[in-house]
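Read through the structure below, which is laid out as structure tokens, and then see the notes.
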2 protein chains.
Amino acid sequence: MNAPPDRPRRATIFDVAAAANVSRGTVSRVLNGEPYVSEAAREAIEAAIAKVGYVRNMAARNLATQRTRAIGLVIHEPHQVFLEDPNIGAILLGTNERLSEEDYQLVCLIIGSDRDSNRVAEYLRGGFVDGVIVVSARENDPISNAVAQIGLPTVFVGHPSSLTDINFVGIDNRTAAREITQRLLGTGRQQVGMIAAALDRDSGAERLQGFQDALGDRFDPDLVVDFPLYSRSSGVLGMHELLSRAPGIDGVFAGNDAIAAGALDVLKESGRSVPLNVGVVGFDDSDWAMRCTPRLSTVRQPADLLGREAASSLLDLINGVPRAAHGTILATQIMWRGSA
Amino acid sequence: MNAPPDRPRRATIFDVAAAANVSRGTVSRVLNGEPYVSEAAREAIEAAIAKVGYVRNMAARNLATQRTRAIGLVIHEPHQVFLEDPNIGAILLGTNERLSEEDYQLVCLIIGSDRDSNRVAEYLRGGFVDGVIVVSARENDPISNAVAQIGLPTVFVGHPSSLTDINFVGIDNRTAAREITQRLLGTGRQQVGMIAAALDRDSGAERLQGFQDALGDRFDPDLVVDFPLYSRSSGVLGMHELLSRAPGIDGVFAGNDAIAAGALDVLKESGRSVPLNVGVVGFDDSDWAMRCTPRLSTVRQPADLLGREAASSLLDLINGVPRAAHGTILATQIMWRGSA
DNA sequence: TCGTGTTCTGGGAGCGTTCACAGAATAGGT
DNA sequence: ACCTATTCTGTGAACGCTCCCAGAACACGA
């Protein structure tokens, strides 16, 4: 252990009290905007605060109040997924915005390894935050289970089906996937496949299910390939594979837009026209969608709202506000463009 | 104010001490892995911890030790920049990785509004963290100034030139920009322009300077356009503007890869061939670079190393380890591909 | 003048740790 | 047997705040 750096001792509430000639009780009252403080005292204290350069010591405050007004947001990030997933960023921003309105501080915790996982669990348990939001959880994720056991108010964004009786917000991936697949079928496609990804996450598995729902009897497992990552290269590999299995394929549902973009490129390379020969649809309506030629038909999910909603339910949970349901499903929207 | 939720009282170190029939001093010693604890006591305490379900209260610990083993990482995020900037994610991951090695917890703080700015400053001052890393700071950013005044050990990733005497890690944007522009000129281009962006950040301004350095007398301010954001649409607008100002333009240095991608599309639309008629170079070597046709010549910056290095210097700062310089510049690398 | 509120203030107790110090137990050498 | 190290343990005193209670100060009507 190294010696702590010897920064000059910070002013405490006592120093302020002394400088203002009042007691620390009165100072505390001013600090917290409580009533029953005379105008004279308030002014003297405010002057004293400025004079001695006082700032609250949060650790002490947390210890005394048993709350922190901070919310943890756990990002489980195997490899580099989150860098590629456009939703995470929007969820983050939405959450931050909502919490900010209530003067809560959002702190993001990134998990990249098992070691991180333990440390984060420790951090959450340790009383650094009043509640937790978990995004992009995977099935049987150690951290999800740990978080669920901590007893802290928790909201999941996306619903890991391995956990029951949790609070969550999410979209109905299955229905959305079914609907866009149906729409693709509606354009008269005969042989439709899927490039799935991240089947270990709720989003991945549910999208595959929706696809299957849409096809019903016509579902052919040979026309489904799956990859661990939602990435463009998954799309490239997947499309090659599908083409070799079924050269006559005329429709593809990609697990997300990045995958669709990869698939699109491969189709073009192979001399096929999109949407004439093959129709392609994606998921997410990320910036990939508008960048493809032709533009991608896809499902828009309200990622920022997801974040806001997660924050709102967590705040309710923390404040003991009763809620009808403990799960919220937000509506998605099909963006129908040129690729199908 | 709402009533605090009435979770059952958590076990404290006293409970453990009682259950193990020792004093809290001994428990504390076990908790912190200190020597001078008998084997019998250690075992009894470990059993007691498990039995009563004890977890450390960090607020109390922080109060007593005056340190938290947590590091704040401030992301100033006007609009949606950080979602588009591929470097931020890599910096985050690199930082997290390095801190994780030393068992420090990284907490990310997002600033999206002035309100956030104040709250984050309060949070940092409040003793929640032992040090701060600031990324993507802009010139005269309120938060940068605030952070610099808090007196907490701080490292900037990127060097806001409005602040002197700070610790930072970064790349030499100016030199890198000069070099890649020179290389572009080396392919025989006569009329070379630049689509700059984010001139209010060190990266933006320095890249423009480097461009100017490379051109020397041949620098023509009319061939420079600039936009607030590093985005594809900036590239589209910028390229249109440049083409209208100088239809004979045969070289473009884009402020980053997203911009270059936009420019590329516009050039193709206008019937020009890249690299035959016009050479284009970018910056960042993000995933855009490999996705363009032709592939983008660009500058690779070691974003993850930037993060690791920032973490390392911050740790040194915190532990009072002397450092030769208080700034670190990491090497960039030109990735020369088909677009020029 | 006295009560009776109401507004304001001070200070003790407590939040759950760590730290420093004193003292107990043990081991090892004469 | 004693002395001296060494290992181990318990306890009081912080750390800096909030909460709560008791009481002071003040206002106002009877």
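Letters A, B, ... mirror the listed sequences (proteins, then strands); counts begin at 1.
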Can a salt bridge be assigned to the pair B/Arg115 and A/Asp103 using a cut-off of 4.0 Å between side-chain N and carboxylate O? yes
Among [options], which nucleotide sits nearest the side chain of [X]?
| X | options | answer |
| --- | --- | --- |
| A/Arg61 | C/dT9, C/dT17, D/dC17 | D/dC17 |
| A/Thr12 | C/dG16, D/dC17, C/dG10 | D/dC17 |
| B/Val22 | D/dT18, D/dG10, C/dG16 | D/dG10 |
| A/Ala64 | C/dG11, D/dG16, D/dT9 | D/dG16 |

Quick check on contacts: within residues 26-35 of chain A, what sits under 4.0 Å from DNA chain C by heavy-atom distance? A/Thr26, A/Arg29
Can you spot which of B/Leu152, B/Asn96, B/Ile318 makes a side chain to side chain contact (heavy atoms under 4.5 Å, CB included) with B/Ile71? B/Ile318
Sub-4.5 Å side-chain heavy-atom contact between [X] and [Y]:
| X | Y | answer |
| --- | --- | --- |
| B/Thr328 | B/Phe168 | no |
| B/Ser23 | B/Thr26 | yes |
| B/Leu315 | B/Leu99 | yes |
| A/Ile75 | A/Leu109 | no |
| A/Gln105 | B/Glu122 | no |

Classify the side-chain pair A/Thr68/A/Asn62 by whether it contains a donor and acceptor separated by less than 3.5 Å. no
Side chains of A/Arg56 and A/Asn32: do they bring a donor and an acceptor to under 3.5 Å? yes
Take atom [atom1] of [X] and atom [atom2] of [N], then tell me their distance rounded to the nearest Å.
| X | N | atom1 | atom2 | result |
| --- | --- | --- | --- | --- |
| B/Met58 | D/dG16 | CE | P | 19 Å |
| B/Asn62 | D/dC17 | CG | P | 14 Å |
| B/Asp15 | C/dG16 | CG | C1' | 11 Å |
| B/Ile13 | D/dG10 | CD1 | P | 12 Å |
| A/Phe128 | C/dT17 | CZ | P | 13 Å |
| B/Phe14 | D/dT9 | CZ | C1' | 15 Å |
| A/Tyr36 | D/dC19 | OH | P | 16 Å |
| B/Asn57 | D/dC15 | CG | P | 18 Å |

Residue pair B/Ala41/A/Arg56 against DNA chain D: nearer the 5' end by closest nucleotide is B/Ala41
Closest nucleotide of DNA chain C for A/Glu39 versus for B/Ala60: which of these residues is on the 5' side? A/Glu39
Identify, between A/Arg24 and B/Val55, the residue whose nearest nucleotide on DNA chain C lies closer to the 5' end. A/Arg24
Computed from five pairs at either end and rounded to 10 degrees, the angle between the axes of the helix from C/dT1-D/dA30 to C/dG29-D/dC2 is 50°
Run the side-chain contact (heavy atoms from CB on, under 4.5 Å) test on B/Ile133 and B/Val74 for me, step by step, so that the C-alpha distance in whole Å, both residues' side-chain angles and the decisive distance to 0.1 Å come before the verdict. CA-CA 6 Å; B/Ile133 295 175; B/Val74 177; over 6 Å; no
Between A/Gln66 and C/dG16, is there a contact of a side-chain N or O with OP1 or OP2 at under 4.0 Å? yes
